[in-house]
Amino acid sequence: MIRLPQLHPTRPGLFPMPESALDEPNGLLAWGGDLSPERLLAAYGQGVFPWFNEDEPILWWSPDPRCAFRTDGVHISRSLRKMIDRSGWRLTADTSFGRVMRACAAPRNGQPGTWIGADMIAAYEELHRLGHAHSVEVWDRGSLVGGIYGVAVGRLFCGESMFSARTGGSKVALAGLCRLLNGWGFPLLDAQVTNPHLLSMGAVELPRKEFVAQARRLSAMPGVVGSWLRYPVSLP
């Protein structure tokens, strides 16, 4: 039987040490608590994130290894570069956060459901209102063709999900976001769990101990809080 710590209901910054997470399933650390802004920001700053289905309690994770991008290390293939050059696409930040979240939550081929439920959407829209959660959008004229969203804590950006409505849309959003972050001195974008798609774009795997140390250091640094609407985002 799996025995997990339950988070304290009134101490949002208190989490178990990440190294106490389970090996199987990889990184499962704790359950319970809530999705308040205070708890979410505290979690990300300690290398922890929520991930659960709507019929489950809130589950908190810190896997080992951790998938991340160096913000100067996103790989753009030659074919994608050619597509971008002729696409006429443009990028924006924070113009359509809710639309990006809901597009990420939409059913996908081979996936029967989504972990981005109503409670998650409400929680991250509140973080967005407070200036901590952000999105990058990819537009083809007036159509939203790709996007990514996540949470900025100090100078760490924690990516949550991305989507494509056109081939390459999510890759362009990720690369544009990383370019923006790199210019602000954000060295890492947390991608949470490794998959072949992320590795093909230049993601690296970091030992949990190393990632958590970097998360704590970067999250304590001054970041860019507030709306990112006024900041231009360039195509990669």
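None of these values were measured; they are calculated from a predicted model. Every heavy atom of this structure was used, including side-chain atoms; hydrogens, water molecules and symmetry mates were not.
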### Electrostatic pair R11:E38 at N-O distance under 4.0 angstrom
no

### S227 side, atom OG; L130 side, atom CG - distance, nearest 0.5 Å
12.5 Å

### Task
For the pair N53 (side chain) and E56 (backbone), establish whether a donor and an acceptor sit closer than 3.5 Å, ignoring hydrogens and angles.
no

### Query
Roughly how far, to the nearest 0.5 Å, is CD1 of I58 from CZ of F52?
5.0 Å

### Message
Determine whether a donor-acceptor pair (N or O, by modelled atom type, separation under 3.5 Å) exists between the side chain of R208 and the backbone of S62.
### Response
yes

#### Entry: Taking every non-hydrogen atom, the tightest pair across G147 and V100
C-CG1, 4.0 Å

### Message
Please tell me whether I116 and L144 are part of a single hydrophobic cluster in this structure, the criterion being side-chain heavy atoms less than 4.5 Å apart.
### Response
yes

### Query
Given the rule that I, L, V, M, F, W and Y join up when any side-chain heavy atoms are under 4.5 Å apart, are M83 and L174 in one cluster?
yes

#### Entry: Heavy-atom closest contact (R39 atom, P12 atom, distance)
CG-O, 3.4 Å

### Query
Is there a donor-acceptor pair closer than 3.5 Å between any side-chain N or O of Q46 and the backbone N or O of G13?
yes

### Query
With ring centroids as reference points, do W228 and W184 lie under 6.0 angstrom apart?
yes

### Query
Can you check side chain to side chain contact (heavy atoms under 4.5 Å, CB included) on F163 and S170, steps first, answer last?
CA-CA 5 Å; F163 85 97; S170 62; 5.8 Å; no

### Query
Hey, any chance L156 and V204 share a hydrophobic cluster, counting ILVMFWY side chains that come within less than 4.5 Å of each other, even indirectly?
yes

### Query
Which of these, D34, V48, L35, sits in a side-chain contact (heavy atoms from CB on, under 4.5 Å) with L40?
L35

### Query
Should M201 and L80 be counted in the same cluster of Ile, Leu, Val, Met, Phe, Trp and Tyr side chains packed under 4.5 Å apart?
yes

### Task
To the nearest 0.5 angstrom, please state how far the CZ atom of R70 sits from the CG atom of L188.
5.5 Å

### Message
I want to check something: taking the side chain as every heavy atom from C-beta on, are M162 and L198 in contact at a cut-off of under 4.5 Å?
### Response
yes

### Task
Determine whether V151 and L127 make a side-chain contact, defined as any pair of heavy atoms from C-beta on separated by less than 4.5 Å.
yes

### Message
Within a 6.0 Å radius of atom CG on D23, are there more than 12 heavy atoms belonging to other residues, nucleotides or ligands?
### Response
no

### Summary
In terms of heavy-atom contacts, Y149 and M101 come closest through OH-CE, 3.5 Å

### Task
With sequence neighbours excluded, tell me which residues meet ring pair (Phe, Tyr, Trp, His ring centres under 6.0 Å) with F15.
W60

### Task
Please name all residues satisfying ring pair (Phe, Tyr, Trp, His ring centres under 6.0 Å) with H132, sequence neighbours left out, ordered by chain then number.
none

### Message
R90: which residues meet the salt bridge (charged side-chain N to carboxylate O under 4.0 Å, His left out) condition with it, sequence neighbours left out?
### Response
none

### Message
Nearest 0.5 angstrom please: L4 CG to L28 CG, how far?
### Response
4.5 Å

### Task
Say whether, by atom type as modelled, one donor and one acceptor occur between the side chain of N26 and the main chain of D64 under 3.5 angstrom.
yes

### Query
Any side-chain heavy atom of R66 sitting closer than 4.5 Å to one from E205?
no

### Message
Let me confirm one number: the OG-CG distance from S135 to L177, rounded to the nearest 0.5 Å.
### Response
9.5 Å

#### Entry: Chi angles and distances behind the side chain to side chain contact (heavy atoms under 4.5 Å, CB included) call for E125, F97
CA-CA 8 Å; E125 286 191 321; F97 183 87; 4.2 Å; yes

### Any donor-acceptor pair under 3.5 Å from H128 side chain to A133 backbone
yes

### Message
Under a 3.5 Å threshold, yes or no: a donor from one side chain and an acceptor from the other, between H75 and S77?
### Response
no

### Query
With side chains defined as the heavy atoms from C-beta onward, is the minimum distance between P5 and P16 less than 4.5 Å?
yes

### Query
How about E137 and T92: does a side-chain donor come under 3.5 Å of a side-chain acceptor?
yes

### Task
Mind listing the closest non-hydrogen atom pair of V153 and Y44 along with its distance?
CG2-CB, 3.7 Å

### Query
Any side-chain heavy atom of V172 within less than 4.5 Å of one from W89?
yes

### Verify same cluster id: Y124, I121 (apolar side-chain graph, 4.5 Å)
yes

### Task
May I ask you to test the S20-L29 pair for a side-chain heavy-atom distance under 4.5 Å?
yes

### Message
Applying side-chain hydrogen bond (donor to acceptor under 3.5 Å, both in side chains) to R179 and S234, what does each step give before you reach the verdict?
### Response
CA-CA 8 Å; R179 176 177 285 193; S234 57; 3.3 Å; yes

## Note on the structure
Between the OG1 atom in T71 and the CG atom in L189, the distance rounded to the nearest 0.5 Å is 8.0 Å

### Message
Treating W61 as the side-chain partner and P50 as the backbone partner, does any N or O pair qualify as donor plus acceptor under 3.5 Å?
### Response
no

### Message
Taking the side chain as everything from C-beta on, heavy atoms only, tell me whether S96 gets closer than 4.5 Å to W139.
### Response
yes

### Summary
Between I84 and S87 the two heavy atoms that sit nearest each other are O-OG, 2.9 Å

### Message
Under the criterion side chain to side chain contact (heavy atoms under 4.5 Å, CB included), I'd like the reasoning laid out for K209 against E19: C-alpha separation, chi angles, the key distance, then a yes or no.
### Response
CA-CA 7 Å; K209 183 177 181 179; E19 56 265 29; over 6 Å; no

### Task
Output yes when a side-chain donor or acceptor of S164 lies under 3.5 Å from a complementary backbone atom of G146, and no otherwise.
no

### Query
What closest approach, in Å, do L91 and P236 show between heavy atoms, and which atom pair accounts for it?
CD1-CD, 4.4 Å

### Query
Do the non-hydrogen side-chain atoms of R217 and R155 ever get within less than 4.5 Å of each other?
no

